[in-house]
Every structure is written in C-alpha cells, then in structure tokens.
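To start, the structure itself, in structure tokens.
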Amino acid sequence: MNENELGDLLIKLRGNHSLREIGELTGLSHTYISDVEKGYRRGSKKQLKPSPDTLKRLASAYNYPYEELMKIAGYLETETTTDYISEDKSTNGSQLTEKDERDIGKRMAKIKKDLIEGSSDDNQAALSFMGEPMSEEAIESLLEALEHAERLATLANKKYIPKKYRKD
C-alpha cells in the first residue's frame, strides 16, 4: 500500500459529492471522513486506520466492493481467498485440509437445511428479509457469503505449526 492509497481512492470515489453528503449517507461525520481521506487525524497528525465498520459504510455509500477497501486498508491479504486456499496444502501449516473442507461442507449443508426448512412454529416461511420471504437467488447469495466467511474463519482459527513439526 502506498502512503495514502486508501485516501486517494476514497477521494476519487467521492467525486463531486461533498463530505457532508457522504456523511449523511454513511452516518459518519464529515470531519472524520476528511481525516480518513487524508490518512491522519487532524489534531494529532497520527496515522488513521479506519475500522472495518467505517469501510463497510463507505463501500455501501460509494457502491464499491467492501472486500477491496479491506484489502487496501490492510485488513485482508491482497491475494484472493480462493487462490490462498487452492495453493499446495503441504507448503504451509495454515491451509485448509481435506478434513477442513469436509467439515465446512457439513456445516454449510446444515445451515442450508436450517435456512430453507427453518424451525418456524407458526408455519410461516423460515427465512425472510424485512418481513418478505427471500427469493432462491437471495438465499444462494447468502449461503455463498456464509461459506466464504466460514472458510476465512477456519483459516484464521488454524494454529501455526512450526516447520519442524509439520508433516510434509
């Protein structure tokens, strides 16, 4: 990441909109958005790294991929998760194993069953958004996002195994 790559991108995404307009869209103060764009806090001149929640709000306001902002801010690695997962599993102790893949598959099957069948006592649709039943496409999108989150969580929760103890 260059000195202020995130700030430069946010300024470009904002375009002709004012800081106040973006503040209203995101629920953030216009002064804080200005600080994020500059990359430091005005009063202290200390470097400013926006929280993931702030990035989510900005991504939504700018209709820009949240994951890309997370990468630029340094929260996520720049390589895609699927590339990371599909690399040779024997080279690094923090890769998903076949057992991990099976476990994720089982958990996703259970989640899908629970979402589609549901456990509603009043015989209503189990899965709805804002009072309306979700479409099949929306359910599939939700499941894909949950699977992605499950993979990231599994990778994050793997313990580091020193090289001398790895089974290569």
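Positions are given from 1, in the same order as the sequence printed here.
Asn16 meets the side-chain hydrogen bond (donor to acceptor under 3.5 Å, both in side chains) test with no other residue; sequence neighbours excluded.
Summarising the geometry of Arg107 relative to Glu150, their closest heavy-atom pair is NE-OE2, 2.5 Å, with the distance given to 0.1 Å. Residues Thr54 and Tyr32 share a closest heavy-atom pair of CG2-CE2, 3.7 Å. A pairwise comparison of heavy atoms in Leu6 and Leu55 identifies CD2-CD2, 4.1 Å as the closest pair. When all heavy atoms of Pro65 and Ala59 are compared, the closest pair comes out as C-CB, 4.3 Å.
Of the possible donor and acceptor atoms, one in the side chain of Asn4 sits under 3.5 Å from a partner among the backbone N and O of Glu37. Counting only distance, with no hydrogens or angles, the side chain of Arg41 and the backbone of Ser44 share no donor-acceptor pair below 3.5 Å.
Atom CD1 of Ile33 and atom CG of Leu28 lie 5.0 Å apart (nearest 0.5 Å).
The cationic group of Lys12 does not satisfy the cation-pi geometry with Tyr62, failing either the under 6.0 Å distance to the six-membered ring centre or the 45° limit from the ring axis. Both the sub-6.0 Å distance and the 45° axial angle are satisfied by Lys56 relative to the ring of Tyr66.
With a 4.5 Å cut-off on side-chain heavy atoms, Leu58 and Ile22 count as touching.
Under a hydrophobic clustering in which Ile, Leu, Val, Met, Phe, Trp and Tyr are joined whenever their side-chain heavy atoms come within less than 4.5 Å, directly or via other members, Ile72 and Tyr75 fall into the same cluster.
When each of Arg20, Glu24, Glu21 is tested with His30 by the rule side-chain contact (heavy atoms from CB on, under 4.5 Å), just one qualifies, namely Arg20.
Atom CG of Asn63 has 12 or fewer heavy atoms from other residues, nucleotides or ligands within 6.0 Å.
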